[in-house]
Amino acid sequence: MANTMAKNFDFKEAERRLYQWWQEKGWFKPESAPADAEPFVISMPPPNVTGALHLGHALFVTVEDIMIRFERMRGKAALWVPGTDHAGIATQLQVEKMLRDQGTSRHEVGREEFLARTWQWKEKYGGAITQQLRLLGASCDWDRERFTLDDQLSEAVQEVFISLWDQGLIYRGTRLVNWSPGLQTAVSDLEVEREEEAGTLYFFKYPVEGGEFLPVATTRPETILGDTAVAVHPEDERYQHLIGKKAYVPMLNREIPVIGDAYVDREFGTGALKVTPAHDFNDYEIARRHNLPMINILNPDATLNANAGAYQGMDRFAAREKLWADMTDAGLTIKTQPHTYIIPRSQRGGEIVEPMLSMQWFVKIQPLAEKALDAVRSGAIQIVPERFEKVYYHWLENIEDWCVSRQLWWGHRIPAWHGPNGEIHVGKTPPPGDGWKPEEDVLDTWFSSGLWPFSTLGWPEQTPDLQRFYPTHVMETGYDILFFWVARMIMLGLWFTDKPPFHTVYLHGLVRDKHGRKISKTAGNVIDPTELIEQYGVDPLRFTLATGATPGNDINMDTGRVERNWRFVNKIWQMANFVTVNLDGDVPLGAPPPQALDLPSRWILSRLNRLIENVTRLFETYQYGEAGRQIDDFLWSEFADWYIEMSKYPLYQGNDAEKQTARQVLVYVLDQALRLLHPFMPFVTEEIWQHIPHEGEALIIAAFPIADARYFDDAAETQMTILIDLIRGIRNVRDEYKVEPGRKITAVASVGGFGALFDQYSYLFARLCNVATVTKLGAGENPPGESASVVVNEVTMYLPLAEFIDLGAECERLNKESAKLTVQIEKSRGMLANEGFINRAQPDVIERERAKLASLEASAAQIAERISSMCK
RNA sequence: GGGCAAUUAGCUCAGCUGGUUAGAGCGCACGGUUCACAUCCGUGAGGUCGGGGGUUCGAGCCCCUCAUUGCCCA
């Protein structure tokens with residue numbers, strides 16, 4: 001069954017071969033589990049079709065694949081639904097850029113042709129990202145891959161829109177929205193980033209009837225042209241006499257009122273506020289309170305329109321300068337001063353977004369938000385880590401209606417029709433009669449992705465997939481799209497399916513560079529995952545991402561860790577190599593019964609079963625990083641460093657039965673560890689598993705280990721710890737005294753209560769610290785004179801090293817050791833003498849403390865004796 | 001202005017519901033070609049767990065406060 005392994009793991013070859021094999025075998029599909037298996041479903045956050053693989057993808061694929069592979073191995077019908085998002089704005093921008101490079105534009109080619117070209121572009125480049133996800137080992141069901149613009153998903157979008165309209169939850173109206181002049185579309189609040197920037201505060205005089213002037217300050221002078229009032233605080237003694245009078249818009253001489261409104265901050269600027277309802281959110285509110293007119297002064301491209309009088313046609317920034325210059329000439333300006341204020345910029349492209357009045361479609365979101373709040377409050381949906389629940393509540397409790405229309409071409413066209421007399425009809429087809437024109441706007445890209453968990457499973461049709469796999473289970477994604485996406489999925493899912501779309505939201509952080517800086521092209525710190533995969537293979541990258549992150553926290557990507565984990569992969573490979581070359585014929589699978597085992601085997605199986613228990617618990621609580629670290633530690637620091645080394649005795653010197661038992665344990669432990677590790681490092685584990693004796697076709701569908709309490713063995717762990725500590729102590733002494741590593745030495749042991757342990761296992765010292773013979777010190781015998789001693793628990797090992805030892809140095813060493821013990825003993829005695837501790841601490845904690853103290857005291861006594869007999 | 005994180009070894013990070021002598025990797029120092037692995041093995045140095053106060057028998061972990069950094073919301 002076992003076969004010879006190559007000297008090293010050829011990850012490039014194996015990754016391709018294994019992935020293809022798994023997929024061809026259908027193991028990525030839930031149908032590979034028994035028909036009555038419990039489902040476990042994750043909807044993959046669909047990457048943008050425009051996307052190129054970055055570390056963020058690598059992170060989410062790693063975490064979700066771990067979840068999926070774990071549950072698959074636990075026998076569930078694991079389904080991971082992949083797909084891509086049409087990403088309205090992002091994609092349209094890319095295609096527009098392509099057209100620009102070709103010397104044309106979207107307006108030149110027209111809507112129909114533009115869409116045709118975008119589809120072509122999508123066919124050509126849209127597959128790239130999903131191909132790259134395969135490189136990461138993503139075990140998703142590609143037969144169920146979806147795209148947000150697929151016919152069926154578009155059906156779902158229309159269904160939802162129309163039904164929201166029928167329920168009165170969608171309205172169309174002229175409202176103040178964030179307008180992106182470059183893209184010439186409205187964008188939602190979430191798509192606007194606000195940041196402090198250096199600017200200028202302009203002070204000027206507002207002429208008021210009767211020849212007075214009201215001083216006003218503004219950061220955007222061009223908006224003066226759209227002013228419909230000047231506001232002062234009603235209690236402001238400087239200005240309250242002006243309330244109710246007429247003011248005149250500079251350069252336009254348009255007549256507007258001076259109003260009183262408590263919103264005005266008397267401390268800021270001059271204490272008087274110009275009100276531009278069509279281009280400022282606060283002013284908009286003021287205008288609504290006072291029934292002021294709203295004058296839009298901007299065209300869609302942010303040039304000024306006819307309302308701007310002489311400034312019509314100028315760009316907004318040019319108009320700002322020109323108007324200010326003209327006002328200066330007219331004697332209306334006072335001064336300018338540097339001023340830091342908050343600038344709204346588009347999340348895409350970074351241009352300054354203008355608040356602008358425009359006709360848009362909105363979703364009345366409060367009723368949906370209520371349900372979404374309840375779902376988390378009631379625990380029907382759990383957010384990991386929990387602290388994000390607060391963030392979620394805050395956003396939903398203060399939510400504003402959702403502007404869902406976009407003046408783009410690439411996206412789901414709003415299913416509405418404009419009648420000849422300005423009527424609106426919402427529906428998939430126009431009503432009977434002539435003159436109905438389709439709505440031009442498309443929907444916000446998040447509208448369709450908000451349906452993702454159920455639209456990908458066939459909704460609104462009651463498909464078998466929808467019935468079996470919905471609701472899904474875990475939504476794993478980045479905390480940066482909690483509002484954009486997660487909250488909307490919850491709202492729409494609850495509203496349209498009456499079920500939470502998933503029971504758990506697991507949020508991961510952002511991948512940053514080694515020093516915690518955001519990764520960006522301009523910072524020059526881009527880390528390309530494909531390069532790392534090329535160099536080290538994908539397993540080390542996955543392991544690094546999985547073990548380097550805790551839920552909700554950003555992860556700093558240190559490629560040094562990838563390299564280290566590449567060495568870990570090699571290390572596992574070499575362990576497997578050791579195991580396989582030492583096989584001879586068939587070996588029984590499974591672990592031998594505990595009573596048939598020697599101490600090292602009882603120990604490693606005890607450790608293994610504790611590991612299994614821990615890893616399972618950690619997986620179930622989403623603590624993947626800790627789980628990975630524990631497996632790593634077990635394999636390298638326990639299995640390889642100690643068990644494999646110790647197994648060489650039975651393997652090389654034992655009788656047939658001993659050899660066979662050792663082989664069986666080696667194979668069993670390796671097999672179990674590979675199973676634990678498989679979700680993290682699918683390729684190397686599968687490849688090795690195929691080389692060791694095993695039952696079943698593939699590791700990917702092998703059963704996840706279950707801890708067997710019969711193998712928990714405290715006594716074996718205690719005894720092995722003593723042996724290990726003694727060996728370490730002896731190595732330490734050898735190193736300190738510069739005894740050549742090749743030199744065999746002898747030891748005399750005072751064994752305390754561990755006589756039987758030494759009778760059976762003192763042979764271990766030969767190979768592990770080159771102590772050729774260990775002699776037990778008989779009762780009443782004196783220890784050797786010129787020797788170093790290593791003390792652990794009740795055991796002292798004397799190493800007669802006359803030629804190496806300087807008595808003074810040895811005494812110093814012992815005194816140091818003794819002092820260390822004294823500190824610990826005092827602390828421990830103090831605890832045990834403390835009534836509060838004895839009365840209140842858990843009994844097992846007290847018991848552990850007593851055992852510790854006993855061991856420390858035993859060691860201290862022996863060292864003290866040694867010192868008194870040897871040192872003056 | 002409100003909120004949330006983070007602050008642990010030179011660097012990057014773990015540390016679960018408070019309970020052994022606070023851990024790992026990298027880096028560093030010293031030493032190693034013995035039959036799985038030099039992509040390795042052994043040994044070691046290195047931390048007043050950001051400061052201060054508190055709760056507790058017991059605090060890296062809980063509470064208060066301050067500082068620094070980052071993020072979210074307004």
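Side chains are part of it too, since the values below use all heavy atoms of this structure and drop only hydrogens, waters and symmetry mates. A note on names: the letters A, B, ... follow the listed sequences, proteins ahead of strands, and every chain is numbered from 1.
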* Below 3.5 Å, does any donor atom in the side chain of Q574(A) face an acceptor in the base of A38(B), or the other way round? -> no
* To do: Could you let me know what U20(B) is paired to, Watson-Crick or G-U wobble, both distances under 3.5 Å, or none if it's on its own?
  => none
* To do: Mind checking E389(A) for me? I need base, sugar-phosphate or nothing, with any heavy atom below 4.0 Å counting as a touch.
  => nothing
* Counter-base of C28(B), judged by Watson-Crick or G-U geometry with both distances under 3.5 Å -> G44(B)
* What's the shortest heavy-atom distance between G350(A) and R345(A), and which atoms? -> O-NH1, 2.7 Å
* Sequence-aligned protein contact record of nucleotides 67-74 of chain B, with B where the base is within under 4.0 Å of a protein heavy atom and S where only the sugar-phosphate is -> ------SB
* Go through the side-chain N and O atoms of Q574(A) and N570(A) and say whether any donor and acceptor fall under 3.5 Å apart. => yes
* Asked: Stacking here means centres under 5.5 Å and planes under 30°; does W566(A) stack on U39(B)?
  -> yes
* Considering residues, nucleotides and ligands other than H394(A), do more than 12 of their heavy atoms fall under 6.0 Å from its NE2? -> no
* Asked: Strictly by modelled atom types, are W603(A) and D713(A) linked by a side-chain donor-acceptor pair under 3.5 Å?
  -> no
* Asked: G46(B) and A22(B): how far apart are their C1' atoms, nearest whole angstrom?
  -> 14 Å
* To do: With rounding to the nearest 0.5 Å, note down the distance linking CG in D261(A) to CG in N282(A).
  => 10.5 Å
* Could you tell me whether E613(A) and R610(A) make a salt bridge, using a distance below 4.0 angstrom between a side-chain N and a carboxylate O? => no
* Which part of the nucleic acid does I644(A) contact within heavy-atom distance under 4.0 Å: base, sugar-phosphate only, or nothing? -> base
* Asked: Contact class for D844(A) (heavy atom, under 4.0 Å): base, sugar-phosphate, or nothing?
  -> nothing
* Asked: Any N or O donor-acceptor pair linking the side chain of K390(A) to the base of C4(B) at under 3.5 Å?
  -> no
* Asked: Is there a side-chain polar atom (N or O) of W636(A) under 4.0 Å from OP1 or OP2 of C41(B)?
  -> yes
* Does OP1 or OP2 of U39(B) have a side-chain N or O of K7(A) closer than 4.0 Å? -> no
* Without hydrogens or angle criteria, can the side chains of Y649(A) and E658(A) be said to hold a donor-acceptor pair below 3.5 Å? -> no
* Identify the residue among F619(A), F568(A), F70(A) that makes a ring pair (Phe, Tyr, Trp, His ring centres under 6.0 Å) with F680(A). => F619(A)
* Structure fact -> Of the candidates G42(B), U39(B), A36(B), the side chain of R731(A) sits closest to G42(B)
* Using Watson-Crick or G-U wobble geometry with both distances below 3.5 Å, tell me the partner of U7(B), or none. => A67(B)
* To do: Tell me, yes or no, whether the heavy-atom count around E620(A) atom CD, taken from other residues, nucleotides or ligands under 6.0 Å, exceeds 12.
  => yes
* Structure fact -> Taking C4(B), C40(B), C37(B) as options, the one with an atom nearest any side-chain atom of R567(A) is C40(B)
* Structure fact -> Protein-proximity profile, nucleotides 15-24 of chain B, B/S/- by nucleotide at the 4.0 Å heavy-atom cutoff, equals SB--BBB---
* Residue from Y506(A), Y479(A), W395(A) passing ring pair (Phe, Tyr, Trp, His ring centres under 6.0 Å) with F388(A) -> Y479(A)
* Encode nucleotides 44-49 of chain B as B, S and - characters from 5' to 3', where the letter depends on protein heavy atoms closer than 4.0 Å: B to the base, S only to sugar-phosphate, - to neither. => S-----
* To do: Take the angle between the ring planes of Y622(A) and Y624(A) and call it parallel below 30°, perpendicular above 60°, tilted in between.
  => perpendicular
* To do: With rounding to the nearest 0.5 Å, note down the distance linking CZ in F634(A) to CD1 in I612(A).
  => 8.0 Å
* To do: Identify whether any heavy atom of D641(A) sits under 4.0 Å from a base atom; if not, whether one sits that close to sugar-phosphate; answer base, sugar-phosphate or nothing.
  => sugar-phosphate
* Scan every strand shown for a Watson-Crick or G-U wobble partner of U33(B), both distances under 3.5 Å, and answer none if you come up empty. => none
* **Distance, P atom - from G18(B) to C62(B), rounded to whole angstrom** => 9 Å
